[in-house]
Amino acid sequence: MDYKKLADFLFPDIDQTPEDLEALYPKRQLPEGAEVTRLAPSPTGFIHLGNLYGAMVDERLAHQSNGVCYLRIEDTDEKREVEGAVPVLLDVLSYFGINFDEGACKADKPGCRPSNVEPSAGETGSYGPYWQSMRSRIYKACVKKLVAEGKAYPCFMSEEEIAQIREEQSAAKLDPGIYGKYAKHRDLSFEEIQARIAAGETYVIRFRSEGDASRYFTVRDAIRGEISMPENIQDVVILKKNDLPTYHFAHVVDDHFMHTSVVVRGEEWMASLPIHVQLFAAMGWDVPLYCHNTVLMKIDETTGQKRKLSKRKDPELGLSYYKELGYFPEAVREYLLTILCSDYEEWRIANPLADYNEFHFSTEKMSDSGTLFDINKLNDVSKDVLAKKSAAEIYDFMLGWAKEFDQAKYKLLADNKDMLLKVFDIDRGGEKPRKDLIYAQQIFAFIKYFFDDTFEYESEWPAEVSAEDRKEILARYIAGYDPADDNSAWFEKVRGITADLGYAVKPKDYKKNPDAYKGHVGHVSGVIRIAVTGRANSPDLWTVQQIMGKEKVAQRIEKAMHA
RNA sequence: GGCCCCAUGGUCAAGAGGUUAAGACAUCGCCCUUUCACGGCGGUAACCCGGGUUCAAUUCCCGGUGGGGUCACCA
């Protein structure tokens with residue numbers, strides 16, 4: 001068989017060779033030790049935690065080594081594409097602090113070339129195109145070489161034929177797939193190929209595997225070390241009928257010509273390592289360093305078992321979930337970093353104020369077993385992040401969030417800026433800041449008692465205080481209330497009411513001698529607290545009232561006397 | 001089922017051939033306090049099982065078991 005002739009017959013219009021491409025995409029000029037990484041999503045419009053997780057690894061690895069982190073769009077499957085997905089992806093990643101040095105970008109980026117694929121996007125950099133659907137000729141040049149060397153061949157098998165083979169194999173308990181004698185079109189004659197094509201038959205290009213499953217090879221993974229696997233024996237499809245490559249081939253070609261030094265991807269790709277290694281070898285290229293990170297898991301409520309976070313079942317997988325709830329992007333990032341890198345949390349405790357970019361990220365410290373997503377931990381991390389923010393920063397964030405997701409709250413925020421600045425400032429700063437703010441929606445629930453529209457009684461009145469006493473307390477309280485009192489003068493008055501009505505001024509006295517009193521000052525102030533805030537727990541009451549102003553305090557007390 | 005990855009408290013995890021087996025979250029108790037939050041102190045709680053190597057294994061090896069991933073003209 002004259003493979004060269006076959007290659008020319010199959011790809012008459014492809015005159016470029018991989019050598020030509022080599023000259024077109026020369027080795028990058030980068031400092032010693034610089035890593036080149038990439039994020040290579042398919043534009044499905046769904047951006048999940050795993051994407052961010054991987055993107056953070058890419059970003060850190062590249063930027064802490066003065067390397068390059070680029071964005072490549074894997075749009076070889078039209079069915080999965082969603083119009084406008086790329087600008088959204090860019091926005092979301094940028095929101096979480098991930099920015100790319102080259103590759104796909106938004107259409108308005110200065111100096112970028114327009115994308116033929118998506119009008120709202122473009123690309124920068126000299127290793128493009130960065131949209132796989134635009135790289136068809138590059139892939140074909142590589143496929144042509146493989147065909148010319150007898151390492152790939154056209155396969156005309158129909159889906160039905162393949163399905164039937166699979167059935168046979170499964171009935172005989174054999175490994176499924178196109179290999180060995182099942183690779184029926186491996187050695188068609190040139191004439192037959194010619195005839196089939198002339199008859200209008202369509203085909204894919206398969207790789208001719210010379211692998212032997214009893215032979216093992218090893219690859220080094222940045223997280224796991226040496227991985228040993230049997231060679232691939234499958235004749236995998238490398239060029240599909242739509243003239244675009246499968247993931248396997250695109251990965252090999254692109255990461256070679258774009259000079260990716262570290263391939264960060266999900267663990268689910270590990271199983272196809274034998275194919276990739278084989279393809280790199282067939283092209284005569286070096287294999288990049290792989291970094292297979294773990295998948296995020298959760299406990300399934302119905303089965304009680306650990307399972308991969310799923311797009312359909314788990315809203316918390318989508319990044320938009322955190323945006324909509326109003327988590328600070330730093331909080332999500334901090335959380336991901338703590339589960340990504342086992343030494344991050346300790347570093348953060350030692351360096352509470354440092355920029356996270358100062359942390360030295362190493363793949364050896366990355367987790368190698370499936371990590372359970374823990375909302376508790378996220379919330380805890382988020383509290384710490386927010387505790388370090390100023391009231392103005394929190395206000396601005398809330399405002400931006402509400403503008404996007406909740407117009408009513410936006411108006412509320414905009415109309416009450418001065419007051420809210422004070423609210424967010426309660427117990428903020430200093431040695432022991434409050435840590436009770438987590439995310440925008442939760443924060444609104446937390447401060448809702450400041451607004452008459454959302455105020456409600458959320459706690460029970462203290463059982464120690466009778467309904468009569470309650471009215472008496474409130475009546476005396478409002479009669480004596482003077483916003484000009486400082487915190488201690490104010491509390492002295494509360495103590496006065498407490499003693500007059502037969503309650504213990506010191507909680508300890510009551511505890512020692514419960515029969516001598518009706519209750520203690522905590523119960524009395526509890527009545528006032530619930531009257532003013534609707535709940536038994538609140539930040540410092542005196543401060544809250546200072547912010548509310550006398551009129552609102554009086555209204556609340558009045559309302560409570562009739563409650 | 002084949003192949004691969006993984007296995008330390010409820011969760012995330014550190015760790016070394018000999019340790020009282022870190023730390024964080026969660027949880028419980030106490031202290032502080034007019035409530036909560038913060039903070040402080042303390043508690044409960046772990047090396048999957050079986051062989052082997054070794055003076056010694058949770059740590060190394062093998063085999064199970066368990067969990068996960070993957071077996072497309074999807075990525």
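Note on naming: letters A, B, ... go to the chains in the order of the sequence lines (proteins, then strands), and numbering restarts at 1 for each one.
- The aromatic ring centres of W269(A) and Y290(A) sit 6.0 Å or more apart.
- With hydrogens and angles disregarded, a donor-acceptor distance shorter than 3.5 Å links the side chain of Q169(A) to the backbone of G177(A).
- Looking at the side chain of T246(A), the nearest of the listed nucleotides C74(B), C25(B), C4(B) is C74(B).
- In this structure, V237(A) reaches the sugar-phosphate backbone alone: every heavy-atom distance under 4.0 Å involves primed, P, OP1 or OP2 atoms, never a base.
- Nucleic acid contact class of R265(A) (heavy atoms, under 4.0 Å, all strands): none.
- F455(A) approaches V532(A) most closely through the heavy-atom pair CE1-O, 3.5 Å.
- In this model, the phosphate group of C71(B) is not approached by any side-chain N or O of R166(A) to a distance below 4.0 Å at OP1 or OP2.
- Contact annotation for N242(A): no contact, since no heavy-atom pair falls under 4.0 Å across all strands.
- Between the base of U34(B) and the side chain of R529(A) there is a donor-acceptor pair shorter than 3.5 Å.
- For the P atoms, the distance from A21(B) to C28(B) is 27 Å, rounded to whole Å.
- Heavy atoms of S367(A) sit under 4.0 angstrom from primed sugar atoms or phosphate atoms, though from no base atom.
- Geometric assessment of R206(A) against the ring of Y153(A) yields a negative cation-pi assignment under the 6.0 Å and 45° thresholds.
- The residue M366(A) sits apart from the nucleic acid: no heavy atom pair falls under 4.0 Å.
- For RNA chain B, runs of at least 3 consecutive pairs of the Watson-Crick or G-U wobble type, with both hydrogen-bonding distances under 3.5 angstrom, map to B:1-7 with B:65-71, B:10-12 with B:23-25, B:27-31 with B:39-43, B:48-52 with B:60-64.
- R428(A) comes within 4.0 angstrom of nothing in the nucleic acid, heavy atoms only.
- Here Y203(A) does not reach the OP1 or OP2 of C73(B): none of its side-chain N or O atoms lies under 4.0 Å away.
- The base of C38(B) lies outside donor-acceptor range of the side chain of R434(A), with no N or O pair under 3.5 Å.
- Distance NZ (K79(A)) to P (C74(B)): 5 Å, rounded to an integer number of Å.
- Checking Y344(A) against E334(A) by side-chain atom types alone, a donor-acceptor pair falls below 3.5 Å.
- Separation of the Y179(A) and Y182(A) ring centroids falls under the 6.0 Å cut-off.
- The separation between K298(A) atom NZ and C12(B) atom C1' is 17 Å, rounded to whole Å.
- For the P atoms, the distance from U44(B) to G10(B) is 15 Å, rounded to whole Å.
- Looking at the side chain of I339(A), the nearest of the listed nucleotides C73(B), U34(B), C12(B) is C12(B).
- Atom CG of N293(A) is separated from atom C1' of C5(B) by 13 Å (rounded to the nearest Å).
- Here the closest non-hydrogen pair linking P352(A) and K388(A) is O-NZ, 3.2 Å.
- Looking at heavy-atom distances under 4.0 Å, K435(A) makes contact with sugar-phosphate atoms alone, never a base.
- When heavy atoms are screened at a 4.0 angstrom cut-off, S538(A) is found touching base atoms of the nucleic acid.
- To the nearest angstrom, P of C36(B) lies 14 Å from CZ of R535(A).
- A22(B) atom C1' lies 14 Å from atom CG of D343(A), rounded to whole Å.
- Here Y247(A) does not pack flat against the base of C74(B), since the 5.5 angstrom centre distance and 30 degree tilt limits are not both met.
- Taking a 4.0 Å limit (strictly below) on heavy-atom distances, residues 344-351 of chain A reaches RNA chain B at E345(A), E346(A).
- The same atom, P, is picked in U8(B) and in C48(B); the two are 6 Å apart, to the nearest Å.
- Separating the P atom of A24(B) from that of C41(B) is a span of 10 Å, rounded to the nearest Å.
- As rounded to whole Å, 12 Å separates atom C1' of A13(B) from atom OH of Y335(A).
- Across all strands, T44(A) comes closer than 4.0 Å to no nucleic acid atom at all (heavy-atom distances).
- If you take atom P in G15(B) and the same atom in G2(B), they sit 34 Å apart, rounded to whole Å.
- Contacts of T294(A) with the nucleic acid, taken as non-hydrogen atoms under 4.0 Å apart, are absent.
- When the side-chain nitrogen and oxygen atoms of K506(A) are compared with OP1 and OP2 of U34(B), none of them lie within a distance under 4.0 Å.
- Position along RNA chain B of the nearest nucleotide to W490(A) versus S42(A) favours W490(A) as the more 5'-ward residue.
- Take the nearest nucleotide of RNA chain B for A536(A) and for L372(A): the residue whose nucleotide is more 5' is L372(A).
- F249(A) comes within contact range of no nucleotide atom at all, as no heavy-atom separation falls under 4.0 Å.
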